Number of protein chains: 2
Amino acid sequence: MLPQTSLAESASARSSARRAAKDLPPKPQPLAGPLELVGAQMAFARNEEIYGEGEPAEYVYKVVSGMVRTYKILSDGRRQIGAFHQPGDVFGLEIGDEHSFAAEAVTDSTVLVIKRSTLVAQAARDSEVARQLWLLTARELERMQSHMLLLIKSAQERVAAFLLEMAERSDDQSTVELSMSRQDIADYLGLTIETVSRTLTQLAETAAIELPSSRRIVLRNRSALKQLNA
Amino acid sequence: MLPQTSLAESASARSSARRAAKDLPPKPQPLAGPLELVGAQMAFARNEEIYGEGEPAEYVYKVVSGMVRTYKILSDGRRQIGAFHQPGDVFGLEIGDEHSFAAEAVTDSTVLVIKRSTLVAQAARDSEVARQLWLLTARELERMQSHMLLLIKSAQERVAAFLLEMAERSDDQSTVELSMSRQDIADYLGLTIETVSRTLTQLAETAAIELPSSRRIVLRNRSALKQLNA
DNA sequence: CGACCATTTGATATGGATCAAGCGATGTGG
DNA sequence: CCACATCGCTTGATCCATATCAAATGGTCG
């Protein structure tokens, strides 16, 4: 199971952040906060589990390179992906003792691992650390809220929103290099792979996007996509 | 959907409504925490707005009596209700400067109003307050996560989950007194009122519930509902 | 080359939305 | 106090978006 080297590399090569001030709101940047200070780096291979749902939440994680998905398996076997985490993103921060979602590497990834107890103890002493932890959770809440709103929209709207979301985090804002599969996208958007695939084809037919290859998408008409993103 | 209906409901906040109930008897609430200490009580009439989306988030609120809904209006006019807040629940806590959702009283309600800046200042000094604020946001996040999972389920599953959720918070766990309209339920579950109504009828036909009146629901077979709640 | 996996495309089924009408409770004005 | 308008809810008929089932295509690797 060799990783798709080209994809993995291009994904991780883009960890630097330049804000080429488009029409975008200021994006949460990799926190230069307390999470930098401690912890060890770990590497995970494509599709490798980082932690399982319900496991003790001993650590907090920060993506250094690659991409991580967090998800739940529903009782009917479906998988719902809650988020794709990219370099700079923190994930796995819980206030309870267990991870409420599972986490896996989408591509070969490296993550920074920090002991939660350390952070919590620091937070008790340093109000700035406490504020950072709160901020992280609040940001996660915002993400979840907008994801909830996504799930009540049409397939076109969901896919368009997804593409814009991915484009926002890529440095070439008009080309998206997808490191996740159609199944991942489907499970993120609450659709089937067939619907995701068909919708992309449709968007290409209406010239909103271009599909040079299945994992590379060029945004031809971003305002049309935003329009859809009702 | 029926944006007109949704909007009409809140717009029709009867101008004749008793707005004068400024001084209700303070009902002692069980929830502990720093939020008890400060703040004034305010009363809101049914369907009255407590704050709008995008308004400065100057205050944090705690339900004393009644019920509050928080919601967003989407660009296509649909309304998505994020939560129904009942006595003891805190709502309107933001980390940014604006309310990301709007809030309205579902029934005549009284809420405790606390200045956010006070809380934040306290949190900077007292790590226990800081932890409480974090906890509140984390709890909201959990709620949002499970709501997200709801939205990818079938109509029956959503309605069943809703009933169980409401039953859990009622004192007679097997009878639910709904204070919100079918439209509210629909906008909470991402369905139409017709589908909500039909689904309730179905559940009654399969003897899972009983419908003595439209706002009163008896849970006859909770395990069947939980089953549905896949 | 051939097997395998991811993706696309096609045909059909179906759950929930939409459009439309009926019904029961509640309140209002004559 | 009744007749009637109104409102919230239910029920019926039909439509449509997406799921499901099925097969073809294409890319990757041994």
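All chains are named by letter (A, B, ...) in the order of the sequence lines, taking the proteins before the strands, and each is independently numbered beginning at 1. All heavy atoms count here, side chains included; hydrogens, waters and symmetry mates do not. Quantities reported herein were computed from a predicted structural model and do not represent experimental measurements.
A:R215 has a side-chain polar atom (N or O) that falls below the 4.0 Å cut-off from OP1 or OP2 of C:dT7. Not one side-chain nitrogen or oxygen of A:R182 sits closer than 4.0 Å to the OP1 or OP2 atom of C:dC5. Note on B:T201: every side-chain N or O is 4.0 Å or more away from OP1 and OP2 of D:dT10. Residue B:T195 has no polar side-chain atom (N or O) positioned under 4.0 Å from OP1 or OP2 of C:dG16. Within the 4.0 Å cut-off from OP1 or OP2 of C:dA6, not a single side-chain nitrogen or oxygen of A:S181 is found.
Across all strands, B:S214 comes closer than 4.0 Å only to sugar-phosphate atoms, never to a base (heavy-atom distances). Within the 4.0 angstrom heavy-atom criterion, no nucleotide atom of any strand lies near A:S213. Nucleic acid contact class of A:L191 (heavy atoms, under 4.0 Å, all strands): sugar-phosphate only.
Between A:H99 and A:Y61, the ring planes lie tilted relative to each other; the angle falls in the 30° to 60° range.
Using modelled atom types, no side-chain atom of A:S170 and backbone atom of A:M166 make a donor-acceptor pair closer than 3.5 Å.
Between the P atom of C:dA6 and the CG atom of A:L178 lies a distance of 15 Å, rounded to the nearest Å.
The six-membered or imidazole ring of A:Y71 lies away from that of A:F101, with a centre-to-centre distance of 6.0 Å or more.
Set against C:dT9, C:dT7, D:dT18, the side chain of A:E194 has C:dT9 as its closest nucleotide.
Residues B:T110 and B:S65 have side chains that bring a donor and an acceptor to within less than 3.5 angstrom of each other.
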